[in-house]
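In what follows, a structure is listed as structure tokens, so that the remarks can point back to it.
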Amino acid sequence: MKIAKVIVDVPLMQTDKPFSYVIPSEMEELIERGMRVHVPFGSGNRLVQGIVIGFEDEELEPSVNLKEVSELLDVEPVLTDEQLWLADEMRHSVFSYKISCLKAMLPNLLNSNYDKLLKSTDGTSVKWSQLTEAEKISSAKAVRLGQLSVEYLAKSKENRKTEKFLSIPDIEKLAEFEIEKRAKKRLELKYFLLRLQEEKIAVKSLNFSSQIIKFFVEHDLVKIEEVEISRTKEKFEAVENDSAKILNFEQNAAYEKIIASSDKPFLLEGITGSGKTEVYLQTIDHFLKLGKTAIMLVPEISLTPQITNRFIARFGDKVAIMHSGLSDGEKYDEWRKIKSGKAQVVVGARSAIFAPVENLGIIIIDEEHETSYKQDSSPRYHARDIALLRAKWHGARLVLGSATPSLETRARAMRGVYELLLLTKRANEAAILPEIKIIDMRSEISDQSANFSHSLLTKIKEKIDKDEQVILMLNRRGYSSFVMCRECGFVVDCPNCDISLTLHMDTRTLNCHYCGHVEGIPQTCPNCHSRKIRYYGSGTQKVEEELREIMPEARVLRMDVDTTRTKNAHEKILEKFGNHEADILLGTQMIAKGLDFPNVTLVGVINADTGLNLPDFRASERSFELLMQVAGRAGRADKKGEVFIQTFNPHHYAIEMTKAQDYEKFYEMEMRFRRELSYPPYYFTVQVLVSHQDEEVAIQKSYEIAQLLKQNLTEKAKILGPTARPIARTHNLYHYQILVKYRFEEELESALNQVLELTQLRDNKNLRVLIDSEPQNFV
DNA sequence: AGCACGCCGACT
DNA sequence: GTCGGCGTGCTC
């Protein structure tokens, strides 16, 4: 008797282990590791989805009565052996359920309901769900033999995009077929088809009515087939081809080293404009030529057409793009394209690291310092860790690229764990580094404006007069707009969370960013009933208003969460700005990344400080990275760029090092500080977050947990807290956190698992415990 | 999560 | 006497 070990889709601690099911004999030769199944689960035998992770020949515990697998959901495995292994490896660090790890690797569509369409070579097709059990088995065998092809079908129609194509099975027959002279349209189509060069033509591109075409179909003169088309296809057609550029000496040295050895990962550290992307493109090309595949990770926020088009231009339809803007159906299309081997280059955000490519040659993580590579919900994996595992499995290269590497990465490069490759020159040698000016807002507050210094305003005017463009960044971290009464100072707070509500001008509502609570904007102060209640939209909106008042002649484009909510809004704004339909692009962080507008000669940072004083040991690092990055937007072509940074902390080292554009010095200073305070990269960190409705319970339990950790860890581990979270209450829960700093703790994993076990006790029913290894955000 | 088993209160 | 309250515990 053959038995399947199945991980069921019931994300709970008690069910987080393989369950054994008997494989019905007719399924025996079809079932494989990595396939999805339906199995009866629990006393009610409700059907749940599960993933087969292995087999046993004998049942290990004959005492338990095994049930049978009800249904095989796949004809070929949706998860590879490598992915099953990745899930096992991941689990040591993410403290999540195995099923969650597995599901993170599948497109959403496969995690929900869908059907399969079996297509035979003669064009007929049948839905899997309509087959009898016996037919299912014979069909599956036919798929194996290549007699049938299979297509997954979402239950909801809009997930699939097809187009009808026409082909001519027998041109002779068509030529000989007589059509009456008075049937002018039919004759027209006949001659059109006879002159046709292409093998297939899209029906919609023909200028003939469906009636006419139907006549040809009925006489077997033409064949119509419905072809699923990739939703992203249009994009490929619009991009012009591009070929490799000549590398400069440094770029070439980096290229040679990367292709030469896979001993250790590379850190490609190159200043803005040094041509990292060209190195990526050429190394990828090298591996493609060897018949291998590539994964290129880019932060979600920079996954703009400007970036993706460079890959499409170079590699054409070998590229699959994966980002969160795609619908489930589109993501699924791309996944299939990769899985089938049609795409060999995957460009995508964090989750693209799981792309089902085989024969991986190289993984590149651009802007490796970006925190978005760490998922901030379960499973809390870091794409870099997954990349290391995959590179190991495939013997592939791993390249981490950045102008401002994270301290962790750079420190590893210094210790020789990674090989450091430096690009110190701009690829376009004419381009010079921008000049950065720090404006001390303590002495320069303009009487005209609350946000602009006199010198920045003057400079903006000067640039606009010269017909050059300006980018203005408002640092929104730790700062959002709220409604306040001018009379009594009352601020509207969220009833569930200890935080003020954020104003959304587009929907005219007050929203809580934590629990999603929404309410209307009050007309009078709820506290003192004064009418002097004032508000502004997003910070950017307020700045925009000010700008319009001071400089009515300037054309301003605003880019923030409010203006980019709709699909493609992002792209449209950038396109407009690129066409010089505006003089000023005003936005939040999202404008700092990867944009390249040659006509931009001034970058202004309105408020450099907001991120600086956050209660997060990475606050300086983040600010420095962001400022360096936004500074890089100025003067990328032959025009010289200028950068104005407004700050109330002009002597903060993150600001001073930005002015000097000196990563090395910043690295040194920041490392010293991290060493003194025992933070990464000198120590590893893990955070335990304890939440409960009752604050007393939350406090008490978090002390218990801290105690448990102390008992199980060595004296060298440093346990901070428990302390209340910066926002102590959200969703009506009180949050307390414990931070463990450690170097070598063999018992850490088991101690943390013990903490999780605690939550299983009945008196801890309402206690929520989250474990986050190497947390990236403390606010 | 679901679902059943189980052991106490107010009802035809 | 019994219907049903939801506390407790298990799921191959």
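Convention: sequence-line order gives letters A, B, ...; per-chain numbering from 1.
Atoms CD (Q49(A)) and P (dG2(B)) sit 15 Å apart, rounded to a whole Å. If you take NZ of K67(A) and P of dT11(C), they are 9 Å apart, rounded to a whole angstrom. Between the CD atom of Q760(A) and the P atom of dC10(C) there is a distance of 13 Å, given to the nearest Å. Put simply, NZ on K765(A) is 9 Å from P on dA1(B), counting in whole angstrom units. Separating the CG atom of L761(A) from the P atom of dT8(C) is a distance of 13 Å, rounded to the nearest angstrom. Rounded to whole Å, atom P of dT8(C) lies 14 Å from atom CD of Q14(A). The distance between atom CG of N766(A) and atom P of dA1(B), rounded to the nearest whole Å, is 11 Å. As rounded to whole Å, 19 Å separates atom P of dT11(C) from atom CD1 of I99(A).
A cation-pi contact links R743(A) to Y683(A), judged by a cut-off of 6.0 Å to the six-membered ring centre and 45° from its axis.
Annotation: side chain of Q737(A) is not in contact with side chain of L739(A) (no heavy-atom distance under 4.5 Å). No side-chain heavy atom of L389(A) sits under 4.5 Å from any side-chain heavy atom of E82(A).
Listed for the D16(A) side chain is a donor-acceptor partner under 3.5 Å among the backbone atoms of K98(A).
Nearest to the side-chain atoms of L12(A) among the listed nucleotides dT8(C), dA1(B), dC12(C) stands dA1(B). Checking dT8(C), dC12(C), dT11(C) against every side-chain atom of K17(A), the shortest atom distance belongs to dC12(C).
The ring-ring contact (aromatic ring centres under 6.0 Å, His included) analysis of residues 4-23 of chain A, with sequence neighbours excluded, yields the pairs F19(A)-F41(A).
Contact check of residues 39-46 of chain A against DNA chain C (heavy atom, cut-off under 4.0 Å) returns P40(A), F41(A), G42(A).
Side-chain polar atoms of E300(A) and S372(A) form no donor-acceptor pair below 3.5 angstrom.
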